[in-house]
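Below is one structure, written out as structure tokens; the observations come after it.
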Amino acid sequence: MTGMTALLIYIVWTLILALSYATYRLPLVLTGKKTASHWERGKPVDDPAILVRAKAAHLNCLENLPLFAALVLVAAATGQSETVNAVAGFIVAARVGQSLVHLIGTSFPLVFIRASLFLAQVALMLYLAFALM
């Protein structure tokens, strides 16, 4: 998998997570059951637990997407795309895995798996950062 393909998959995954809770909320607003401002930060959350986790998984993706994108783009700009291509698929697989585990639940074993997948992504991105220098 190329870094650019992995980046596109990462972006699509992030958008899918956003749509997973936005599509639940939109009909509630359109039918007048909730106001558009109902979900502002700092207000109590009354979404089903899986949607709360979907939003958290989406925000986790948004936190790391710029870092991954920067690495892919630096590699492309410096003619080192092969370095990124070697590990990009693993980074995206760990990201999707982390999100899926997040959606499943928040028990200790699941949080441990999620944290392990996150640390794998961080380790691989650090590897890329140093390899690209």
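The basis for the numbers below is simple: all heavy atoms, side chains too, and nothing from hydrogens, waters or symmetry mates. The residues of the chain are indexed from 1 along the displayed sequence. Keep in mind it's a predicted model, so treat the numbers as computed, not measured.
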About how many Å separate [atom2] of [Y] and [atom1] of [X], when rounded to the nearest 0.5 Å?
{"X": "Glu63", "Y": "His58", "atom1": "CD", "atom2": "NE2", "result": "10.5 Å"}
{"X": "Arg95", "Y": "Asn64", "atom1": "CZ", "atom2": "CG", "result": "5.0 Å"}
{"X": "Leu128", "Y": "Leu67", "atom1": "CG", "atom2": "CG", "result": "11.5 Å"}
{"X": "Tyr10", "Y": "Leu15", "atom1": "OH", "atom2": "CG", "result": "12.0 Å"}
{"X": "Gln98", "Y": "Leu103", "atom1": "CD", "atom2": "CG", "result": "10.5 Å"}
{"X": "Ser81", "Y": "Leu132", "atom1": "OG", "atom2": "CG", "result": "9.0 Å"}

Is the backbone of [Y] close enough, under 3.5 Å, to the side chain of [X] for a donor and an acceptor to pair up by distance?
{"X": "Ser116", "Y": "Phe112", "value": "yes"}
{"X": "Thr35", "Y": "His38", "value": "yes"}
{"X": "Asp47", "Y": "Val52", "value": "no"}

Practice task
Using a strict cut-off of less than 4.0 Å between a Lys/Arg side-chain nitrogen and an Asp/Glu carboxylate oxygen, indicate whether Lys34 and Asp46 qualify as a salt bridge.
Solution key: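 Yes, this pair counts.
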
Exercise for the section: Let me see the working for Val96 and Ser99 under side chain to side chain contact (heavy atoms under 4.5 Å, CB included), right down to the final yes or no. Expected result: CA-CA 5 Å; Val96 171; Ser99 298; 5.7 Å; no

Problem - Derivation and outcome, side chain to side chain contact (heavy atoms under 4.5 Å, CB included), residues Tyr24 and Ile50 - result: CA-CA 11 Å; Tyr24 166 80; Ile50 192 165; over 6 Å; no

Handout entry: Heavy atoms of other groups near Lys43 NZ, more than 12 under 6.0 Å
Key =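 Yes.
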
Handout entry: Heavy-atom pair of closest approach, residues Tyr21 and Lys55
Key =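 Nearest heavy atoms, Tyr21 then Lys55: CE2-CA, 3.4 Å.
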
Problem - Minimum heavy-atom distance Gln121-Ile91, with the two atoms named - result: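 So the two residues come closest at CG-O, 3.9 Å.
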
Practice task
Tell me, with the steps shown, if Val84 and Thr2 meet side chain to side chain contact (heavy atoms under 4.5 Å, CB included).
Solution key: CA-CA 7 Å; Val84 171; Thr2 68; over 6 Å; no

Exercise for the section: Could you walk me through whether Phe68 and Leu7 pass side chain to side chain contact (heavy atoms under 4.5 Å, CB included), step by step? Expected result: CA-CA 7 Å; Phe68 181 61; Leu7 181 55; 4.0 Å; yes

